[in-house]
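Encoded as structure tokens, the structure appears first; notes follow it.
Below, each value reflects all heavy atoms present in this structure, side chains not excepted, and no hydrogens, waters or symmetry copies.
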Amino acid sequence: MTNETWVQVREGLLKRVGKNNFVTWIEPLRLTGLSEGVARFEVPTLFFGDWVQRNFGDHIRHRLTEAGEPVERLEFAVSNSPRPPLQPVKAAPVARPKPQPDEDLRGAPLDARFTFDSFVVGKPNELAHAAARRVAEGGPVTFNPLFLYGGVGLGKTHLMHAIAHELQKRQPQARVLYLSAEQFMYRFVQALREREILGFKELFRSVDVLMVDDVQFIAGKDSTQEEFFHTFNALVDQNKQIVISADRAPGEIKDLEERIKSRLQCGLVVDVHPTDYELRLGILQQKADFYREQYKGLVIADGVLEFLAHRITSNVRVLEGALTRLFAFASLVGREITLDLAQDCLADILRASDRKVTIEEIQRKVAEHYNIRLSDMIGPKRLRTIARPRQVAMYLSKHLTPRSLPEIGRRFGGRDHTTIMHGVRKIEELMATDSQLSDDLQLLRRLLQG
Ligand SMILES: Nc1ncnc2c1ncn2[C@@H]1O[C@H](COP(=O)(O)OP(=O)(O)OP(=O)(O)O)[C@@H](O)[C@H]1O
């Protein structure tokens, strides 16, 4: 059989078993021989081979046979083993071997760079960082769950990976499972399909620390939410630590069941705030030190990092991307990184960061958020449920756009500038006492400014 045929077979398997299964179970297989109806593979562990045999053996045989290689049996041998290289794994008629802790606990891979050491702490993220550190110490569970939320690219995933790395270091025996909410759903659906739901429940209830990233993903997905709820309760009852992240506060996640929202609020809910100038500069300095090591001899002129920290305010991912591109470009052309070079090389990123929010966008987002019609934003209704969101939109238009009060008035159905001023003041007043309103405003600002 040629390599090409195996590549084709693998493609077929990818469609058949899905991406997650493929990456976890099929990709690591190394076909080492095929003769007399026996296909031989190298696998990382015995358990791995057994698992593939049980769960995907039929598919693999079927695909190979379809590709013109009639196969009756699969044999698996452990790679790098001291035994002869192709010692087969006996097709075990006995009960499934007890999985090794980290074999069945395959969550999402952890990024080795996301550690506490590489996380720059500043005012906007200090609470999140302190809470993450506390969880990573692995002491008695003091708050459950730890719920981290914040806008895109502000370091939530970084902190979760850092917790997992630290726990693995301090307590190698602890069963730590990190995965995205999407993967949770995927594994749940797969377990349903393969009638492995008991195994699924057992696995998720047997961990010491469960970390689920981007939990907003399960909103509106009823049976996944249900299962998540039970898993959550079972772990809390056993006093096992849970860490959750989302792009907004639990109460703000639409289509998430009320009982889950309230459960998520039971522990410590921490907001990872948008970065400020000092934090951005700190992050840039740290990354620049790293790049200086990589690109020896490359000089970066004074003021460049400050310029970037000042101009690129959207999120850390964009900031990092800008610096990476700058160093790569400067090393390619062999020039010092000056302000001019930065402006040329990053023109598109700088332009995007300058993006201005429009009044129309504000009206649309606010109407969506409060579930009112867009037309009511500019209409005459005075009902509180409509007038208040309208004032919120006026307030945001005043603060996020350079428009004058009369201009804003015109966009709000031709209202007088004094009405706009009144609306803006009203919101300013209420914000001091109404924490729900100030949370709403924070969320809306974040959504609008990206
Ligand atoms: N305080 C920080 N110090 C160092 N690096 C940071 C910090 N905050 C974010 N980063 C970096 O920014 C990038 C984006 O962070 P991360 O993936 O954790 O964001 P996120 O909040 O999970 O966003 P998303 O919701 O899009 O997944 C990562 O490369 C991360 O290392």
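Using cut-offs of 30° and 60° for the angle between ring planes, the F114 and H158 rings count as parallel. Taking the six-membered ring where the residue is Trp, W6 and F41 present tilted rings, their angle falling between 30° and 60°. Ring pair H161/H165 is perpendicular by interplanar angle, where above 60° counts as perpendicular and below 30° as parallel.
Within 6.0 Å of atom NZ in K123, 12 or fewer heavy atoms from other residues, nucleotides or ligands are found, so the atom counts as exposed in its surroundings.
Note that CG of L319 and NZ of K287 are 9.0 Å apart. Values are rounded to the nearest 0.5 Å. To the nearest 0.5 Å, atom NZ of residue K398 and atom CD1 of residue I362 are 11.5 Å apart. A distance of 10.5 Å separates CD1 of I197 from CD of Q190, quoted to the nearest 0.5 Å. Considering CG of L430 and OH of Y395, their distance stands at 11.5 Å, rounded to 0.5 Å. Atom CG of L323 sits about 11.0 Å away from atom CD of Q285, to the nearest 0.5 Å. Residue R335 holds its CZ atom at 11.0 Å from CG of L298, rounded to the nearest 0.5 Å.
Residues F188 and F204 keep their aromatic ring centres 6.0 Å or farther apart.
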Stepwise salt bridge (Lys or Arg N to Asp or Glu O under 4.0 Å) check, R205 with E202: CA-CA 5 Å; R205 283 157 180 64; E202 224 170 79; over 6 Å; no
Assess the residue pair D348 and R325 against the criterion (salt bridge (Lys or Arg N to Asp or Glu O under 4.0 Å)); give the C-alpha distance rounded to whole Å, side-chain angles, the decisive distance to 0.1 Å, and a yes or no. CA-CA 12 Å; D348 56 334; R325 191 198 294 178; 2.9 Å; yes
Does F184 form a ring pair (Phe, Tyr, Trp, His ring centres under 6.0 Å) with F200? I'd like the steps, not just the answer. CA-CA 10 Å; F184 179 87; F200 175 91; 5.6 Å; yes
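By the 6.0 Å and 45° rule, R263 does not stack over the aromatic ring of F232. For the pair R133 and F116, the distance from NZ or CZ to the six-membered ring centre is under 6.0 Å and the angle to the ring normal is within 45 degrees. Figure legend: K221 and F217 shown as a cation-pi pair, the cationic atom lying under 6.0 angstrom from the six-membered ring centre and within 45 degrees of its axis.
Counting only heavy atoms from C-beta outward, the side chains of L13 and E11 never approach each other to under 4.5 Å. The closest side-chain heavy-atom distance from D58 to R61 is below 4.5 Å. The shortest distance between side-chain heavy atoms of I260 and V215 does not fall below 4.5 Å.
The residues E166 and R170 are annotated as salt-bridged, a charged nitrogen and a carboxylate oxygen being separated by less than 4.0 angstrom. By the 4.0 Å N-to-carboxylate-O rule, R317 lies too far from E320 to be salt-bridged with it.
Qualifying salt bridge (charged side-chain N to carboxylate O under 4.0 Å, His left out) partners for R248, counting only residues two or more places apart in sequence or in other chains: none.
The heavy-atom pair separating D111 from R113 by the smallest distance is OD2-NH2, 2.6 Å.
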Please set out all donor-acceptor pairs under 3.5 angstrom arising from side-chain atoms of residues 140-148, sequence neighbours excluded.
residue : atom : partner : partner atom : Å
N144    : OD1  : Q241    : NE2          : 3.4
N144    : OD1  : I242    : N            : 2.8
N144    : ND2  : K240    : O            : 2.7

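Between S206 and the choices Q238, R175, K201, the side chain to side chain donor-acceptor pair (under 3.5 Å) rule is met once, by R175.
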